[in-house]
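Here is the structure we will look at, set down as C-alpha cells.
Chain naming here is simple, since letters A, B, ... match the order of the sequence lines and numbering starts at 1 in each. Just so you know, these numbers come straight off a predicted model, no measurement behind them.
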Protein chains: 2
Amino acid sequence: MLKNGKSVLLDVNSRRYYCQVELAMDLLGGKWKGVILWYLQGDTLRFTELRKRIVTISEKMLIRELRELEKAGLITRKVYPEVPPKVEYSLSDFGQTLAPLLSAVSDFGMSYALKFGQQVEE
Amino acid sequence: MLKNGKSVLLDVNSRRYYCQVELAMDLLGGKWKGVILWYLQGDTLRFTELRKRIVTISEKMLIRELRELEKAGLITRKVYPEVPPKVEYSLSDFGQTLAPLLSAVSDFGMSYALKFGQQVEE
DNA sequence: CCGCATCCGGGAGGATACTG
DNA sequence: CAGTATCCTCCCGGATGCGG
C-alpha cells in the first residue's frame, strides 16, 4: 500500500478524487458514520437498538447515514417481513475490512481524551 | 484499548462526547483534515507547498484547517522571521501517533477504489 | 509568501409530527 | 418498530479581493 504522503488520482462513482484519503474521508466523514460503524463492529443491531446506543443522534440522521453506508457497500440491511417490522443492520464483508481503521480511530479518540480531557464516571 | 462497540463518556474542551469515536471524528472529520495530515506524514511543508499538493483546496480552507489542527495539538507551526515570510508545518509528536490511523484510512481509500472505481493514469 | 476580510449558496444536521 | 415528511438553522466551503 501507499506510504507517507503518496497519493493517486482516482475516479469513483463518476467523481474525481486527487487522493485516496480524500475518497476515504468522503465515505466515512461527517459526524456519525464512524460512530455507527463502530457500534456495528461485531454486532448485528436493529434500528432502535442503534438509536439507544447513539443517544444524541436524530432519527433522520441515523436513517440517512445508514442508507449512505449501505449504498457505499459497507453495511448490510436485512428486513424481516413481520409485524411489527424488524430490520437488522450489520457490517458487510467489505465493511469488516474497516476493523483496523475503526480500531485506530477509537484508540486515537481515547488517547486524545487521556491527554487533553477527562473520562467521566457515570 | 477498547474493543468492538465499547464506548466511554468523555469531557474534552468543555464538550461532552458519548463515544471516543465521536471525539476522534470531531477532531479529524471534515473534507480536508485527513488529507492535510496525510501529506504532512514524514514531511515538513510550507504553506504554498501544501497548496500545490492539495490542488483543489482554497487558501481559506487550508489556513482554517491548519489552525484547527494546530489548536488540537496535532501539528506544529514554525515561523521564520524573514522577508518574504516563511512558515513550515509539520506533525507534532502527538500528531505522529496518527500514523497507523492515517495508514488505515489511506489503505481503505485505495481498496475501495480498486473495488468500486478506477485508478486514473496521468 | 502567507495570509485575512467579506460575501454567498447549499447542504449537514436538528426538532417535531405523522404513518404502515 | 421503523421509518417519512416538513421546516428551520447554522456553518462548511467556495470565490474574490486586500494587505504586511
Side-chain angles (χ1 to χ4, degrees), chain A residues 13 15-19 21-23 25-37 39-40 43-72 75-90, chain B residues 13 15-19 21-23 25-37 39-40 43-72 75-90:
Chain A
N13 304 330
R15 272 211 49 186
R16 168 151 294 188
Y17 298 92
Y18 293 85
C19 172
V21 175
E22 195 186 338
L23 165 61
M25 295 309 293
D26 199 22
L27 292 167
L28 306 176
K31 190 172 178 179
W32 298 115
K33 290 201 181 70
V35 180
I36 294 172
L37 292 167
Y39 281 111
L40 290 179
D43 243 326
T44 294
L45 295 176
R46 300 177 63 171
F47 184 81
T48 305
E49 291 171 333
L50 264 174
R51 268 219 76 178
K52 277 184 220 158
R53 304 201 187 197
I54 313 176
V55 277
T56 50
I57 198 172
S58 67
E59 286 188 352
K60 189 184 82 171
M61 288 312 297
L62 180 54
I63 193 62
R64 178 192 291 179
E65 305 289 277
L66 285 170
R67 295 275 194 262
E68 292 180 6
L69 290 170
E70 188 191 5
K71 194 173 171 188
I75 67 173
T76 303
R77 178 172 179 271
K78 182 170 184 182
V79 181
Y80 295 85
E82 306 174 0
V83 177
K86 178 179 177 183
V87 179
E88 286 182 343
Y89 294 93
S90 57
Chain B
N13 304 331
R15 273 212 48 187
R16 167 150 296 188
Y17 298 92
Y18 292 84
C19 173
V21 175
E22 194 186 340
L23 165 60
M25 295 309 293
D26 198 23
L27 292 167
L28 305 177
K31 191 172 177 179
W32 298 116
K33 291 201 181 68
V35 179
I36 293 172
L37 292 167
Y39 281 111
L40 290 180
D43 244 327
T44 294
L45 295 176
R46 299 177 64 172
F47 184 81
T48 305
E49 291 170 335
L50 264 173
R51 269 218 74 178
K52 278 185 220 158
R53 308 206 182 192
I54 314 176
V55 277
T56 50
I57 199 172
S58 67
E59 286 188 351
K60 190 184 80 172
M61 288 312 298
L62 180 54
I63 193 64
R64 179 192 292 178
E65 305 291 277
L66 285 170
R67 294 276 193 263
E68 291 180 7
L69 289 171
E70 188 191 4
K71 193 173 171 186
I75 67 172
T76 304
R77 178 173 180 270
K78 182 168 184 183
V79 181
Y80 295 85
E82 306 174 359
V83 178
K86 177 179 176 182
V87 180
E88 286 182 343
Y89 294 93
S90 58

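Along DNA chain D, the nucleotide closest to T56(B) and the one closest to I63(A) are compared, and the more 5′ of them pairs with I63(A). When each of P85(A) and S58(A) is assigned the nucleotide of DNA chain C bearing its nearest heavy atom, the one mapping closer to the 5' terminus is S58(A).
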Side chain to side chain contact (heavy atoms under 4.5 Å, CB included) assessment of Y17(B) paired with D26(B)
CA-CA 10 Å; Y17(B) 298 92; D26(B) 198 23; 2.5 Å; yes
L40(A) and L69(A): side chain to side chain contact (heavy atoms under 4.5 Å, CB included), yes or no, with the steps? CA-CA 12 Å; L40(A) 290 179; L69(A) 290 170; 5.9 Å; no
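Put simply, the side chain of K60(A) and the base of dG13(C) share a donor and an acceptor less than 3.5 Å apart.
In this structure, I57(B) atom CD1 and dC2(C) atom C1' are separated by 15 Å, rounded to whole Å. In this structure, R77(B) places its CZ atom 5 Å from P of dG3(C), rounding to the nearest Å. Rounding to whole angstrom units, CD1 of residue I36(A) and P of dG13(C) are separated by 11 Å. As rounded to whole Å, 11 Å separates atom P of dA12(C) from atom NZ of K31(B). Rounded to whole angstrom, the span from the CD atom of E88(A) across to the C1' atom of dA2(D) amounts to 13 Å. For M25(B) and dG13(C), the CE to P distance is 10 Å, given to the nearest whole Å. In this structure, the NZ atom of K33(B) is 12 Å from the C1' atom of dG13(D), given to the nearest Å. Atom NZ in K78(B) sits about 20 Å away from atom C1' in dG3(C), given to the nearest Å.
One finds a side-chain N or O of T48(A) lying less than 4.0 angstrom from the OP1 or OP2 phosphate oxygen of dA2(D). In terms of phosphate contacts, Y89(A) brings a side-chain nitrogen or oxygen within less than 4.0 Å of OP1 or OP2 of dG3(D).
Although no hydrogens or angles enter the test, the distance criterion places no donor-acceptor pair under 3.5 Å between the side chain of E68(A) and the main chain of E65(A).
Annotation: the span from R46(A) atom CZ to R51(A) atom CZ amounts to 15.0 Å, rounded to 0.5 Å.
At a threshold of 4.0 angstrom between heavy atoms, the contacts of R46(A) are confined to the sugar-phosphate backbone, with no base atom among them. Within 4.0 Å of R51(A), counting heavy atoms only, lies no atom of the nucleic acid at all. Across all strands shown, Y80(A) has no heavy atoms under 4.0 Å from either base or sugar-phosphate atoms. Nucleic acid contact for R67(B): sugar-phosphate only, since backbone atoms but no base atoms lie under 4.0 Å from a heavy atom of the residue.
In the model, Y89(A) has a side-chain atom that pairs as donor or acceptor with a side-chain atom of R77(A) under 3.5 Å.
The side chain of R64(B) lies closest to dC12(D) when the candidates are dA12(C), dC12(D), dG14(C). Ranking dG3(D), dG13(C), dC2(C) by closeness to the E59(A) side chain, first place goes to dG3(D).
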